[in-house]
Amino acid sequence: MTDQRFDPSAADGRWQRAWEQAGTFTADSDSSKPKSYVLEMFPYPSGRIHIGHVRNYTMGDVLARYKRMTGHEVLHPMGWDAFGMPAENAAMEKGVHPGGWTRDNIANMKAQLKRIGFALDWTREFATCDPEYYGHEQALFLRLYEAGLVYRKESEVNWDPVDMTVLANEQVIDGKGWRSGAEVEKRKLSQWFLKITQFAEELLDGLGTLDKWPDKVRLMQENWIGKSQGLQFRFDLSDGNQVEVYSTRPDTIFGASFVAVAPDHPIAQGVAANNCDAAKFIDQCKRGATTAAALETAEKLGFDTGIGAVHPFTGQHLPVFIANFVLMDYGTGAVMGVPGHDQRDFEFATKYELPITRVVARSADDADAPFAGEAEAGDGVLVHSDFLNGMAVEEAIAAVIVRAEAGGWGEGQTVWRLRDWGVSRQRYWGTPIPFIHCDACGIVPVPEDQLPVTLPDDVDFKTPGNPLERHPTWKHVDCPQCGAAARRETDTLDTFVDSSWYFLRFASQPADKPFDRDEVAKWLPVEQYIGGIEHAILHLLYARFWTRALQHCGMIDFAEPFASLFTQGMVTHETYSRREGDRDIWYGPEEIERSSDGAVLVADGQPVDIGKVVKMSKSKKNVVDPDAMVDRFGADAVRWFMLSDSPPERDLPWSEAGIEGCGRFVQRLWRIVANGAPDAAGDANPALAKLMHRTIAGVAADIEALQFNKAVAKIYELTGAVEKAGPSPERAEAVATLPRLVSPMMPHLAESMAEALGTGGLVAEADWPTVDPALLVDDEVTIAVQVKGKLRDTLTVAKGMPREELEALALASEKVQRSLDGAEVRKVIVVPDRLVNIVA
RNA sequence: GCGGGUGUGGCGGAAUGGUAGACGCCGGGGACUUAAAAUCCCCUGAGCUUUGCUCGUGCGGGUUCGAGUCCCGCCACCCGCACCA
């Protein structure tokens, strides 16, 4: 008799070595099989694999393994998004080198991933901090430069005046620097930009081709790109100048009661030159962080310049304000304020007691309806608007544009919300931007044969700021053009650049260039990309842009990198805490004894409060360590839990009881085969055969739709039926099928099961079981019988029974007659094979 | 503030406009055992006048023979907002 318990601690490593020796997951680009590129967003090497990573990679792994079983040559690679701020923070806090810290983290995390048995092609692994990788990135950046897609301009950053350093948005807390506590200022620096706006129309149109992306992501990108049709027009000013404004709602022009310009608008600057109150106000606007959220939630503030703007239709003088909520980057940096129909303008007008006029109403009769304390941005008909009165909004917009163009004071225009991508970072741990500043020649690209421009190792992090900038020798080089003494660019690239082309490098890794066009063409676009919804806009838009830019440069032959996208939910966990004084003390799940009616702290046996189920985070200590779970339950139980219950796009609450249940299920499956191949004698069991074929077809469909929770439920159902069934040829066949059916989810158990059954070869390399379509059809159906929409009875009838027979059967039902209680039947609705509804 | 999403038993969830709660977890009862673990069987939305009836899918309306599903208006929570990755 075989051991009745499955021992993952022995089996997991054994099968992982078997796959590795067989090279099962090494992708062969010369294979004649259809190619399938399955990719999960590569991780930042923070130190430990998080359970959220495990969920992400398990989903991709199930698909990759399934694709292999269905005859595809699969590319399923893994690497490291290895540049970024945490390494520099570690350097500052612990005195370790960012490179060494990152390498150690990668080694640890790779070991963790290997224990879970992911079907990854590790031969293609790389880290973005490898000089080889970022050297190729520098070459690509220079190609974009040659194509005119790279330029420099002034742009605002968060400046910490005490630490004398640029802060990331996340380093600004309530408008103050996270280390110094000093109030952050906006400061202008000359920085590198990528012309993503040149592709705005393409990126927008391209969304229409991405029919395998979630609608929500396409909608978010569409709104982010923000194409709007509006009117750009000029107001004559009382000082003899003009101000150009842009509005998406020119229909509301008769409701304008002020004009507002951005603090860095030339008009504002001009006023400030002669007016120290204005200068002070602009200074005040410089305080605080640069984020849109900070700007928009801040109190709306304005400074009346005393200048009047002449309304193009009424000739009325509108006051011109400098306002903190107007952005220089969008439109013309100046707006007309229509308080009745724009919420920001409404708040502003209320504060500065400017008129609020209704120019759009539900109907002409509501022309003088009062506002309910807020602006009305919706649809309606124009009122109090001269020649526009009675028009619908769309119609009025067109009419105003026609008048403006005829009068020569404005033009209909398309404006994009999308801004160019600022890629400069004043930091060490990133890809050096390959340019040299020469006093004589200006900005000179580093010649390609001098790439990569590598980071110096001897840097210090004792003081804040960019170590490249203060390095004694690194930036001092000779100009490649004239040979005179010159300076290296000390900005490094945004890490989003690193993740904008890594999927190309996975597909092809020549030493002498970023990628090989023909190799890339074999695998790309990625068939299935999986990652967090938090990347819905930035990463995915940048990667789309980069792909189009490379296409534009003639380096690749496709426009969209990811054919199908899936965004998975987070892994969450209960929180445990105690209130002590005015703060919460958090406890980790390993410090807690959980029972059905509460939780106690193991250390003192006293109860703790069970808090909300929230995203796992170190600060709330509600994290579970994947390694510890693999130790206790084995890789397959952890994988199974990642796939069970919650739909993959939703959050998954981790629970001790849940993982224990998964551990039990692994053993249940094992018991079915623990004594070897089952007896194939006994009476035929056609019902089990049907269930098995339905399960194979259903699990396949669920995996392809990434609905793993449903596949899991179907496997539970079949397992239960197999356990209950007595010996039969059908049961023997079902048992023989189980290992392949569960292999994508529980690959180690599947191999051990097949071994116990005496099946030769690796399940990971086996074919997916075939379905007999004849067994998927049912000949009986249960139909619902309703009286006035309420269920009163059910009938089991032959499939395809005609309407008349169904109606007669339903009316003959004793329960129906009792429920009708003699009432007259007015109507009978029959849906064949579904239901009969009797309306009395 | 703006953009996007989610909401169904004690819990995770299932359900082409057609039998709400599949499947799993927790809990209760029983079997096996000297005992426990493991395992197996049964029950498990709420309420009631319990052969059955009523209520029930965040809240308030609506469309429909029929709404978790479609429409309108709210509420709560989550994600993103361009230097976190």
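Computed from a predicted model, the values in this text were never measured in an experiment. Protein chains get the first letters and strands the later ones, always in sequence-line order, with residue 1 at the start of each.
- Distances shown here put a side-chain N or O of A:T495 below 4.0 Å from the OP1 or OP2 atom of B:A85.
- Taking the C1' atom of each, B:G80 and B:C70 are spaced 29 Å apart, rounded to whole Å.
- Here B:U51 is the nucleotide among B:A82, B:G13, B:U51 with the atom lying nearest to any side-chain atom of A:R818.
- Across the protein-nucleic acid pair, A:L219 atom CG and B:C81 atom P stand 17 Å apart, rounded to whole Å.
- When each of A:F496, A:W224, A:W501 is checked for a ring pair (Phe, Tyr, Trp, His ring centres under 6.0 Å) with A:Y542, only A:F496 meets the rule.
- Among the heavy atoms of the strands lying under 4.0 Å from A:G422 are primed sugar atoms or P, OP1, OP2 only; no base atom is included.
- Ring-plane geometry between A:Y576 and A:H573 is classed as perpendicular, the angle between the planes exceeding 60 degrees on a 0 to 90 degree scale with a lower cut at 30.
- Distances from the side chain of A:Q786 to the nucleotides B:A85, B:C79, B:G18 place B:G18 closest.
- With a glycosidic angle further than 90° from 0, B:G29 counts as anti.
- To the nearest whole angstrom, the two C1' atoms, one in B:C59 and one in B:C23, are 30 Å apart.
- Base contact: A:Q191 has a heavy atom under 4.0 Å from a base atom.
- Within the nucleic acid shown, A:S655 has no heavy atom closer than 4.0 Å to any nucleic acid atom.
- Looking at heavy-atom distances under 4.0 Å, A:V166 makes contact with a base.
- Contact annotation: A:N169 side-chain N/O to B:A82 OP1/OP2 distance is under 4.0 Å.
- Within the 4.5 Å cutoff, side-chain heavy atoms of A:L210 are placed close to those of A:R544.
- The side chain of A:K790 contributes no N or O atom lying less than 4.0 Å from OP1 or OP2 of B:U54.
- Side-chain proximity of A:A713 to the nucleotides B:C23, B:G18, B:C79 is greatest for B:C23.
- Comparing A:Y716 and A:I533 against RNA chain B, the residue whose closest nucleotide sits nearer the 5' end is A:Y716.
- Atom name P, nucleotides B:U16 and B:G29: the rounded distance is 37 Å, in whole Å.
- With distances taken from any side-chain atom of A:A293 to the nucleotides B:C65, B:G1, B:C40, the minimum falls on B:G1.
- Evaluation of atom-type donor-acceptor distances gives a pair under 3.5 Å for the side chain of A:D645 against the base of B:G12.
- Of all the heavy atoms in A:M41 and A:Y529, the pair that sits closest is CG-OH, 3.3 Å.
- Using a 4.0 Å heavy-atom distance criterion, A:L418 is classed as a base contact.
- Looking at heavy-atom distances under 4.0 Å, A:P647 makes contact with sugar-phosphate atoms alone, never a base.
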Please determine whether side chain to side chain contact (heavy atoms under 4.5 Å, CB included) holds for the pair A:D215 and A:L219, giving the CA-CA distance in whole Å, both sets of side-chain angles, and the decisive distance to 0.1 Å.
CA-CA 6 Å; A:D215 289 342; A:L219 193 55; 5.9 Å; no

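- Separating the CD atom of A:E660 from the C1' atom of B:A37 is a distance of 13 Å, rounded to the nearest angstrom.
- Heavy atoms of A:K710 sit under 4.0 angstrom from primed sugar atoms or phosphate atoms, though from no base atom.
- Rounded to an integer number of Å, the gap from CG of A:L203 to P of B:A82 is 19 Å.
- Contact annotation: A:R792 side-chain N/O to B:G52 OP1/OP2 distance is not under 4.0 Å.
- On the P atoms, B:C53 is 13 Å away from B:A20, given to the nearest whole Å.
- Heavy-atom minimum distance, A:E222 versus A:L204: CG-CD1, 3.6 Å.
- Taking atom CD on A:E40 and atom C1' on B:A85, their separation rounds to 17 Å, with Å as the unit.
- For B:C81, neither phosphate oxygen OP1 nor OP2 lies less than 4.0 angstrom from any side-chain nitrogen or oxygen of A:R419.
- When rounded to the nearest whole Å, the span between CD1 of A:I537 and P of B:G3 equals 12 Å.
- A:L791 places its CG atom 12 Å from the P atom of B:G52, with the value rounded to the nearest Å.
- Between A:F42 and A:F503, every side-chain heavy-atom pair lies at or beyond the 4.5 Å cut-off.
- Note: CZ (A:R650) to C1' (B:C78) measures 12 Å, nearest angstrom.
- Nucleotides B:G3 and B:G58 are separated by 24 Å at their P atoms, to the nearest Å.
- Residue contacts shown for A:R344 are absent, as no nucleic acid heavy atom lies under 4.0 Å away.
- A:V157 comes within contact range of at least one nucleobase, with a heavy-atom separation under 4.0 Å.
- As judged by a 4.0 angstrom heavy-atom cut-off over every strand, A:S499 is placed among residues making no nucleic acid contact.
- Within 4.0 Å (heavy atoms only), A:T291 reaches sugar-phosphate atoms of the nucleic acid but no base atom.
- Within 4.0 Å (heavy atoms only), A:F325 reaches no atom of the nucleic acid at all.
- On the P atoms, B:G7 is 14 Å away from B:C71, given to the nearest whole Å.
- Checking B:G12, B:A82, B:C26 against the side-chain heavy atoms of A:P653 singles out B:G12 as nearest.
- Residue A:K788 qualifies as open at atom NZ: its count of foreign heavy atoms under 6.0 Å is 12 or below.
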Can you list the steps and then say if A:I659 with A:V638 is a side chain to side chain contact (heavy atoms under 4.5 Å, CB included)?
CA-CA 7 Å; A:I659 183 66; A:V638 172; 4.2 Å; yes

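- Remark on RNA chain B: of its neighbouring residues A:A292 and A:Q707, the 5'-side contact belongs to A:Q707, judged by nearest-heavy-atom nucleotide.
- Between A:W640 and A:F633, the ring centre distance reaches or exceeds 6.0 Å.
- A:Q426 comes within 4.0 angstrom of a base, heavy atoms only.
- One P atom belongs to B:U69, the other to B:U8, and the distance between them is 13 Å to the nearest Å.
- Here, B:G9 and B:C26 have their C1' atoms 12 Å apart, quoted to the whole Å.
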Can you run through RNA chain B from 5' to 3' and write each base as (, ), [, ], | or . depending on how it pairs? Watson-Crick or G-U wobble, both distances under 3.5 Å.
(((((((..(((.....[....))).(((((.......))))).((((...))))..(((((..]....))))))))))))....

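- If you run side chain to side chain contact (heavy atoms under 4.5 Å, CB included) between A:V830 and each of A:L835, A:I838, A:V836, only A:V836 comes through.
- Nucleotide B:C53 holds its C1' atom 13 Å from the NZ atom of A:K815, rounded to whole Å.
- Of the candidates B:C41, B:G1, B:A85, the closest approach to any side-chain atom of A:K724 belongs to B:C41.
- Here B:C40 is the nucleotide among B:A82, B:G18, B:C40 with the atom lying nearest to any side-chain atom of A:E723.
- Here A:N223 reaches the OP1 or OP2 of B:G4: one of its side-chain N or O atoms lies under 4.0 Å away.
- Within a 6.0 Å radius of CG in A:D174, no more than 12 heavy atoms belonging to other residues, nucleotides or ligands are found.
- As judged by a 4.0 angstrom heavy-atom cut-off over every strand, A:H535 is placed among the base-contacting residues.
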